[in-house]
Amino acid sequence: METLDNNPVRSNPRCMYESQLGTFMRLSHGDILRDVVMSYHGAVLDTQSDAWDNEINILKGALTPWENENARIIFEYDIPRLGKRIDVVLLLRGLIFCLEFKVNKREAVQQDVEQVMDYALDLANFHELSQGHRIVPILVPTETKECSTKLMPLDYNEFIYNPLITNRENLKSIIQQVIDHEKAVPEAADKDLSRWIISPYRPTPTIVEAARRLYENHTVEDITRHEADKVSTDATTNYILRVIEQSQLHRQKSICFVTGVPGAGKTLVGLDVAVKQTYKDGEQANEEEGAVYLSGNGPLVAVLTEALARDNWAKCKARGEKKNLSDSRREVGKFIQIIHRYRDNMLAKLKTPIENGVLEIDPERAIRQRGAGYGEVEHVAIFDEAQRTWTHEHIAQWLKTGGSYGNKTKIAGFPMSEAEFLIWSLNQREDWAVIVCLVGGGQEINTGEAGISDWIRALNESFTHWHVYISPRLTDREYAEGQVSQLLEHRQNVVYSDCLHLAVNLRSFRAESLSAFVHLLLAIEPDEARRLYTQIRQHGYPVLLTRDIATAKWWLRERSVGTQRTGIVVSSAAARLKPLAIDIRVSPDAVHWFLEDKDDTRASSFLEDVATEFDVQGLELDYACLVWDADFRYEDGGWHYYRFNGSTKWNPVKDADRRKYMLNAYRVLLTRARQGMVICVPKGNGRRTAEGFAEDPSRQPEYYDGTYAYLKSLGIEEM
């Protein structure tokens, strides 16, 4: 007998369409396509719409034998927190079919086979309600003539089938063959299949153990190249672990704010805490007390993940082990994740519309777990670049429009900043929780980034029961515009500790002193800046000045020896460097830019592609060249801010927040080099036309001369 929903189509932020199979078969082709398209926020290309149209048509023909059974079909399913989306999931007779369609393709290629295999592995490793079920990945190049006939599980996981390949005509047959092979009967179906789609994210012990082995076999210092004294980073890590221990013992909620100069090892501390907390007993993972490292910095996450994964894959290959690079990437993904996916997974649990400005969990969108309640599986969340979370206005507007892509849920009237929502998310745990905020001073570089003050305001207004542990340096003016002391003045449960600041001793002089020098340079304190510049040079860290990009490149190439990495960085507002063959509209792939060898044209050391502050924040080079454009000028004794109008001239920037972001962009760019840097301030174009007009009015010499003269007045040596 056909089983239908009372509500024919469920709206769920984790997919674009889901229903009982009988409902899908009963609804018209056009109605289903409309529902899928309506669930997609953003412009739907004709090619994508045609692909969905084909998939619906194929599935309606292939699934007729089972249309009256308790089965469920899901389109475009987001695997919780992993940022991956499966074309179609079919839950049938206790089996989980993952279908990846390649419409109009005539052959299966290895990349497509690996894609559908990855989906199956991700469900097995991270999706709690998939564990213990047979998972069947099927690739459907719709026009192929070669189809799979061999049904067998993976060698290393009996619950996952080797990928199957079929065309549109034989999809029904291959599903029937799997059912017969498994001897699956209708009674094997779960009673409530709708719960599968809201399954919690929960890494299996297998994937956690694999991630631990991967981490231990690679020195993270090789990736972050931090210059901090190891004693300093160990002291910070151990202090945080003690806070976690006390929070667990007393069943309380705590938050730690860790400060540190660029290159001091904040990322290393975050990864260390994530691994050591999960493996605090040494060998066996404690699933109930785990931690996760989260960052909103996409390039940083991509580079860290890829570097660790490549290293692990190479070591396994050298030992003769069979392993795909995608397996290594998946193992790294246990500890290193994008913060937005964590956030969006919590947003998917909310009851909407929001009433009276109060967030509530919708029990039909989330499964309550022991201890975690409706929160996430980890007790400890480490937020890197915590100062970059969004303001209330920015995230509310973003959610009002449904985000910028895919099946994001539209949420009107969102009442919190991103920082407050992240605290709220951890507060959903019914036992204990710890947040670790890794904070860079003066590092807010994008519109809508709130800075650290939003975290403290949220704690003061909504989470007074949380215990706060902060670095004394958080009161410096780089953080929350120097307002931290006032914000915490009347708050209880605040502990200051020097252990939460990553200061660098004389063995690692560069990071501390360069950061201070850059601060003085930008604050226009020339006397102190000159004094500190002299000290930096005495300790063997070159900072040089030139007006010729070719000279700067020659200097970098001279230093690109062995594995030392060089590169050119510019402001994202540096719109008039195109005559120097620098176009900010061409954004490099951060993984290639930071990881490929210097003979690869995509690598930073090839000196062809340049990176902006958004590409390099949180990452470093050995030697860098900053090319300084007319967006940020020293004129009449102060900094002046400009935006290019796209055609002929620069317009002054009047918005105070925009100015702050532009200043911080140069702060980031000036602190990317571990061993030395050259600053190139172009000469501009002083030539005149026959009529006496400027040949290029957007690059007049006076736009650059003031900046060059100011930098030279600080004693910076000219090449």
Side-chain angles (χ1 to χ4, degrees), residues 80-81 128 200-203 205 208 212 236-258 269-282 284-294 334-335 337 339 342-343 345-346 349 359-361 366-384 386 389 416 418-439 455-456 458-471 488 491-497 499-500:
R81 284 174 52 179
E128 183 172 345
Y201 165 97
R202 181 179 287 276
V208 176
R212 181 187 70 86
T236 303
T237 298
N238 291 336
Y239 185 90
I240 295 169
L241 291 174
R242 288 197 299 272
V243 170
I244 294 171
E245 184 179 10
Q246 288 299 307
S247 300
Q248 180 184 5
L249 180 64
H250 300 294
R251 294 179 65 83
Q252 65 190 28
K253 309 284 174 64
S254 303
I255 186 167
C256 297
F257 293 97
V258 180
V269 166
L271 292 173
D272 271 345
V273 170
V275 174
K276 289 177 179 175
Q277 170 60 22
T278 305
Y279 283 89
K280 61 183 183 180
D281 297 326
Q284 185 151 1
N286 190 327
E287 290 184 73
E288 301 302 320
E289 298 172 19
V292 63
Y293 167 92
L294 299 160
K334 164 63 183 77
F335 289 119
Q337 296 178 20
I339 191 173
Y342 180 94
R343 177 200 66 195
N345 193 49
M346 287 300 300
K349 301 177 185 181
L359 298 187
E360 295 182 70
I361 297 291
I367 294 174
R368 189 170 185 168
Q369 303 174 80
R370 180 174 61 84
Y374 289 115
E376 293 296 88
V377 63
E378 298 92 356
H379 281 85
V380 181
I382 299 121
F383 297 121
D384 204 353
T389 53
M416 297 179 176
E418 187 176 28
E420 184 175 1
F421 181 67
L422 292 172
I423 301 172
W424 182 88
S425 299
L426 269 293
N427 200 54
Q428 297 310 299
R429 290 202 63 95
E430 296 171 351
D431 43 16
W432 62 276
V434 175
I435 292 173
V436 180
C437 291
L438 307 176
V439 185
W455 289 89
I456 297 173
L459 290 164
N460 286 345
E461 294 170 8
S462 306
F463 305 100
T464 54
H465 60 293
W466 278 61
H467 293 251
V468 180
Y469 299 84
I470 79 168
S471 157
L488 291 172
R491 184 182 173 87
Q492 303 296 313
N493 302 328
V494 178
V495 176
Y496 293 85
S497 173
C499 290
L500 293 175

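Owing to the predicted nature of the structure, the values given are computational and were not obtained by experimental measurement. Just so it is clear, the values below take in all heavy atoms, side chains as well, and ignore hydrogens, waters and symmetry mates.
With sequence neighbours excluded, the residues that form a side-chain hydrogen bond (donor to acceptor under 3.5 Å, both in side chains) with Glu128 are Arg202. Looking at residues two or more places apart in sequence or on another chain, you find a salt bridge (Lys or Arg N to Asp or Glu O under 4.0 Å) between Arg368 and Glu430. In terms of the side-chain hydrogen bond (donor to acceptor under 3.5 Å, both in side chains) criterion, Glu360 has no residue partners (sequence neighbours excluded). Contacts of Trp466 classified as side-chain hydrogen bond (donor to acceptor under 3.5 Å, both in side chains), with partners at least two apart in sequence or in another chain: Asn427. Remark: Asn238 pairs with Asp234, Leu241, Arg242 by the side chain to side chain contact (heavy atoms under 4.5 Å, CB included) rule, at least two apart or across chains. Considering only residues two or more places apart in sequence or on other chains, Phe383 meets the ring pair (Phe, Tyr, Trp, His ring centres under 6.0 Å) condition with Trp455.
Taking 4.5 Å as the limit, some side-chain heavy atom of Leu500 sits within range of a side-chain heavy atom of Ile240. Counting heavy atoms from C-beta outward, Val243 and Val495 have side chains that stay 4.5 Å or more apart. For the pair Ile255 and Phe463, the minimum side-chain heavy-atom distance is 4.5 Å or more. Ile244 is listed as a side-chain neighbour of Val273, based on a closest heavy-atom distance under 4.5 Å. Between Tyr293 and Asp272, the closest side-chain pair of non-hydrogen atoms is not below 4.5 Å. Side-chain contact check for Glu376 versus Arg81: some heavy-atom pair is nearer than 4.5 Å.
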Practice task
Start with the C-alpha distance between Val292 and Tyr201, add both sets of side-chain angles, then the distance that settles side chain to side chain contact (heavy atoms under 4.5 Å, CB included), and finish with yes or no.
Solution key: CA-CA 12 Å; Val292 63; Tyr201 165 97; 5.8 Å; no
Exercise for the section: Walk me through it: do Gln428 and Met346 pass the test side chain to side chain contact (heavy atoms under 4.5 Å, CB included)? Expected result: CA-CA 10 Å; Gln428 297 310 299; Met346 287 300 300; 4.2 Å; yes
Exercise for the section: Assess whether side chain to side chain contact (heavy atoms under 4.5 Å, CB included) is satisfied between Phe257 and Val468, documenting all intermediate values. Expected result: CA-CA 8 Å; Phe257 293 97; Val468 180; 4.0 Å; yes
Exercise for the section: Go through the steps for His379 and Asp431 under the test side chain to side chain contact (heavy atoms under 4.5 Å, CB included), then give the verdict. Expected result: CA-CA 9 Å; His379 281 85; Asp431 43 16; 3.0 Å; yes
Exercise for the section: Please report the C-alpha distance between Tyr469 and Gln246 in whole Å, then the side-chain angles of each, then the deciding distance to 0.1 Å, and finally whether the side chain to side chain donor-acceptor pair (under 3.5 Å) criterion is met. Expected result: CA-CA 12 Å; Tyr469 299 84; Gln246 288 299 307; over 6 Å; no
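The structure places CG of Leu271 at 8.0 Å from CD1 of Ile382, a figure rounded to the nearest 0.5 Å. Summarising the geometry, atom CG belonging to Leu459 is positioned 10.5 Å from atom CD1 belonging to Ile470; distances are rounded to the nearest 0.5 Å. Atom CG in Leu294 sits 10.5 Å away from atom CG in Leu438 (nearest 0.5 Å). Atom-to-atom distance recorded for Asn345:CG and Arg343:CZ is 11.5 Å, nearest 0.5 angstrom. Expressed to the nearest 0.5 Å, how far CG of Leu359 lies from OG of Ser425 amounts to 8.5 Å.
Side-chain atoms of Thr236 come within 3.5 Å of backbone atoms of Cys499 as a donor-acceptor pair (strictly under, hydrogens ignored). Lys253 places a side-chain N or O within donor-acceptor distance of the main-chain N or O of Arg429, the cut-off being under 3.5 Å. Arg491 places no side-chain N or O within 3.5 Å of a backbone atom of Ile456 that could act as its donor or acceptor partner.
Between the side chains of Glu378 and Tyr342, no donor-acceptor pair of N or O atoms lies under 3.5 Å.
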